[in-house]
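The next block holds one structure in the form of structure tokens; read it before the comments.
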Amino acid sequence: MFSDPSLQLGKRASKKYQDPKAWHNQFFSMVTSKIDEDIFKPLFKEGNMGAPNASVRIIVAMSILKEGFGCSDEELFEKCEFDLLTRRALGLMNLDDKLPSLDTYYLFRRRICAYYDVYGVDLMRDNFEHVAGEQVKELKISGKCVRMDSKLIGSNIARYSRYELIHRTLTKFLSHNANMELLSSNIQSKAKEYIKEDPEKTVYRSDKDALSNRLYDLGAFIHSILSLYDDTFADYDIIKRVFDDQYEIADEGKIMLRDKKKISANSLQSPFDKDASFRNKHGQNVSGYVTNITETVEENKPSIITSVQTETATKADCHMLQEGVSNSEKVTGEKVETVYADGAYQSPENRDFAERHDGMQLKTGKMQGGGRWELFLHDGDKLTVREKTTGKTFEAVKAVTKQGKFNRWRIPWNNKTGWRYFEEKDIEAFKLRQQIESLPQEEQHKRNNVEAAMFQYSFHTRNGKTRYRGLLKHRMHAYARCTWMNLRRIVISFEDPIKVLAFYIFWHFSAIFRRSACFSKFIRRLREFTTMECSGLEIQWKCQLYSKFPTF
């Protein structure tokens, strides 16, 4: 009687506290209660940890709330201890219900990471798929139509110069006593000089030639000590990896600094995150990872994220489509018939996969590159080529390689060979571009609406960086964040559409006029709103705005 908050609160507060459509009650019914503790049984097998001393369901739900709120562990435990709504979301209905301790929370996460390292099984992924699958079943959401997009996400590491990267990797290796003890007294004294040095100040004070000499000396020192160790020593893998990435050995045995253009994007980015890789996407430089999100598309139903793939940043979007489709089918239990994505997902392999997949439709945005020419094949094997920018038309001449492996065509062109060649794959690509560009506007908007998921996924990042390091930690973050996004979409789907519409009109109006009093921007934003998806609830607002304001 005295520990139930609903009996102690006032009438209005008690009504909100017990409202079944409120986020905290929806979280308990659609997330907390859907978590299957049997998934995590391998962590507590006999001889390992024994029985858990706290509810696994609550611990997993806490990790989801953390990424939903975008808070620190300290703030999370404070909310779970004193916030009545957060406690109810976890199923802590009474004031005297105990919360798992901070040590238990950390130990559980460490056990998940250790289990993955040994067995390669991602238990948090299994939990995400189970919860999403239960939500899809309860809301009766179809999985026949999905859309996907990717987002680059930065690791919580500093951006180092070349000298800083090599120096900090060396000092991290030498920080282990067992590694230092193996060195002779002369080498130890030189190693201690490197440990005392501040590489950032060295880079700032040195000119180009001086810094180049220091890089050579650093590489020679690393090469001289590498033969003393093997992979049983701590951080041997990163010191060897950074040497192989940044240096090469000439025929005479001389250590040479590798040309920057020859350094792979998979090279070590930081000694504190071995999994992070580099990628430049549309001028955005990221040292970290890429997350691919797949979600359902159905009219008047919330879009539920059914697949989350987090890989190193070098993995291309087109390489994640097939797995994303398979994961979504596993969650929804239905065959995917249509996929909406951008042009980066187009590839011959994916088109073959779609054709084998019972004729699955792959509807993408504009393909990257190659849009300069129009190629028209006619009269069997004759090819007419038109340059879009100038409008010039050429009748291509049939050409065959010396090996006779495939047919191709050529037109006279001002380059080294004097010819511009076209192959059958170029013709197929042009036909595919025509097909993509002919898609109606409504179909293109379905793909564009996935941008809302990308924005929400990275909402709590700082400068595009998370607070984590390592591939598995970023996967756990992505699963938790996307589970929270699904919950928010479900909550909004139960709200009154008129209230949601009024809120978003007011929000867009106030946001624009806080930045600028330009009325045209307001109209443009309002236009975008008519076809955008607001956190999973698709609102089609049909009005005569275009006819009233044609100049905008």
Side-chain angles (χ1 to χ4, degrees), residues 3 5 17 22-28 31-33 35 37 40 43-44 49 52-116 122-124 127-128 131 153-158 270 272-273 275-276 288-289 291 308 310 456-488 491:
S3 61
Y17 183 74
W23 78 266
H24 48 281
N25 291 315
Q26 287 289 341
F27 187 94
F28 176 74
V31 178
T32 305
S33 61
I35 296 172
E37 293 189 339
F40 302 96
L43 301 179
F44 305 98
M49 277 185 67
N53 59 1
S55 171
V56 172
R57 183 177 286 113
I58 292 178
I59 297 175
V60 176
M62 287 174 64
S63 67
I64 296 171
L65 284 174
K66 177 188 174 183
E67 305 306 338
F69 296 145
C71 60
S72 63
D73 292 333
E74 182 180 359
E75 293 169 333
L76 171 68
F77 272 81
E78 185 176 310
K79 284 179 178 291
C80 294
E81 197 73 58
F82 302 107
D83 189 331
L84 292 179
L85 301 185
T86 304
R87 289 178 63 84
R88 190 172 179 89
L90 294 173
L92 304 175
M93 303 300 181
N94 299 320
L95 295 175
D96 54 358
D97 289 341
K98 291 185 178 180
L99 192 71
S101 67
L102 186 63
D103 291 338
T104 302
Y105 177 80
Y106 284 146
L107 180 60
F108 180 77
R109 292 179 66 88
R110 286 198 297 269
R111 285 288 179 175
I112 289 177
C113 296
Y115 188 81
Y116 179 82
D122 193 343
L123 298 179
M124 293 301 284
N127 173 73
F128 168 80
V131 172
I153 202 83
S155 178
N156 185 24
I157 53 177
S270 170
F272 306 103
D273 189 349
D275 299 327
Y289 306 90
T291 296
V308 182
T310 302
Q456 290 295 332
Y457 166 66
S458 59
F459 184 77
H460 291 300
T461 58
R462 295 181 180 180
N463 298 323
K465 289 185 178 182
T466 66
R467 64 182 81 216
Y468 304 105
R469 295 171 180 172
L471 179 58
L472 182 58
K473 296 286 182 66
H474 278 84
R475 285 176 175 171
M476 293 169 67
H477 161 263
Y479 300 141
R481 181 65 190 165
C482 290
T483 303
W484 172 263
M485 290 163 58
N486 282 344
L487 181 275
R488 291 302 304 166
V491 171

Nearest heavy-atom neighbours spanning [X] and [Y]:
{"X": "Leu472", "Y": "Cys113", "value": "CD2-CA, 3.5 Å"}
{"X": "Ser63", "Y": "Met124", "value": "OG-CE, 4.0 Å"}
{"X": "Ala478", "Y": "Val308", "value": "CB-CG1, 3.6 Å"}
{"X": "Arg87", "Y": "Asn94", "value": "NH2-O, 3.1 Å"}
{"X": "Leu95", "Y": "Pro5", "value": "CD2-CG, 3.9 Å"}

Got a donor-acceptor contact below 3.5 angstrom from the [X] side chain to the [Y] backbone?
{"X": "Arg481", "Y": "Ser458", "result": "no"}
{"X": "Lys66", "Y": "Asp73", "result": "no"}
{"X": "Arg469", "Y": "Ala276", "result": "no"}
{"X": "Asn25", "Y": "Tyr17", "result": "yes"}
{"X": "Arg88", "Y": "His24", "result": "no"}

- Task: Starting from the C-alpha separation in whole Å, work towards a yes-or-no answer on side chain to side chain contact (heavy atoms under 4.5 Å, CB included) for Ile59 and Phe40.
- Result: CA-CA 11 Å; Ile59 297 175; Phe40 302 96; over 6 Å; no
Rounded to the nearest 0.5 Å, how far does [atom2] of [Y] lie from [atom1] of [X]?
{"X": "Asn156", "Y": "Thr466", "atom1": "CG", "atom2": "OG1", "answer": "6.5 Å"}
{"X": "Lys79", "Y": "Phe69", "atom1": "NZ", "atom2": "CZ", "answer": "5.5 Å"}
{"X": "Glu74", "Y": "Leu102", "atom1": "CD", "atom2": "CG", "answer": "9.5 Å"}
{"X": "Leu487", "Y": "Gln26", "atom1": "CG", "atom2": "CD", "answer": "7.5 Å"}
{"X": "Leu123", "Y": "Met476", "atom1": "CG", "atom2": "CE", "answer": "9.5 Å"}
{"X": "Leu92", "Y": "Cys80", "atom1": "CG", "atom2": "SG", "answer": "7.5 Å"}

- Item | Working for side chain to side chain contact (heavy atoms under 4.5 Å, CB included), residues Phe108 and Met62 | CA-CA 12 Å; Phe108 180 77; Met62 287 174 64; over 6 Å; no
- Please step through side chain to side chain contact (heavy atoms under 4.5 Å, CB included) for the pair Ile112 and Arg109, ending with a clear verdict. CA-CA 5 Å; Ile112 289 177; Arg109 292 179 66 88; 5.6 Å; no
Close side-chain approach of [X] and [Y], heavy atoms under 4.5 Å:
{"X": "Glu67", "Y": "Cys482", "value": "no"}
{"X": "Leu90", "Y": "Leu65", "value": "yes"}
{"X": "Asn127", "Y": "Tyr479", "value": "no"}
{"X": "Asn486", "Y": "Phe128", "value": "yes"}

- Task: Measure up the Tyr468 and His477 rings against each other and bin them: parallel (under 30°), tilted (30 to 60°), perpendicular (over 60°).
- Result: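 Tyr468 vs His477 ring planes: tilted.
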- In terms of ring plane angle, is the pair His474 and Tyr289 parallel, tilted or perpendicular, where the classes change at 30° and 60°?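 Rings of His474 and Tyr289: tilted, 30 to 60°.
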- Task: Please indicate whether Glu78 has more than 12 foreign heavy atoms, meaning atoms of other residues, nucleotides or ligands, lying under 6.0 Å from its CD.
- Result: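 Result for CD/Glu78: open.
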- Given the rule in the side chain to side chain contact (heavy atoms under 4.5 Å, CB included) test, do Val131 and Ile64 qualify, once you have shown the distances and angles that lead to the verdict? CA-CA 12 Å; Val131 172; Ile64 296 171; over 6 Å; no
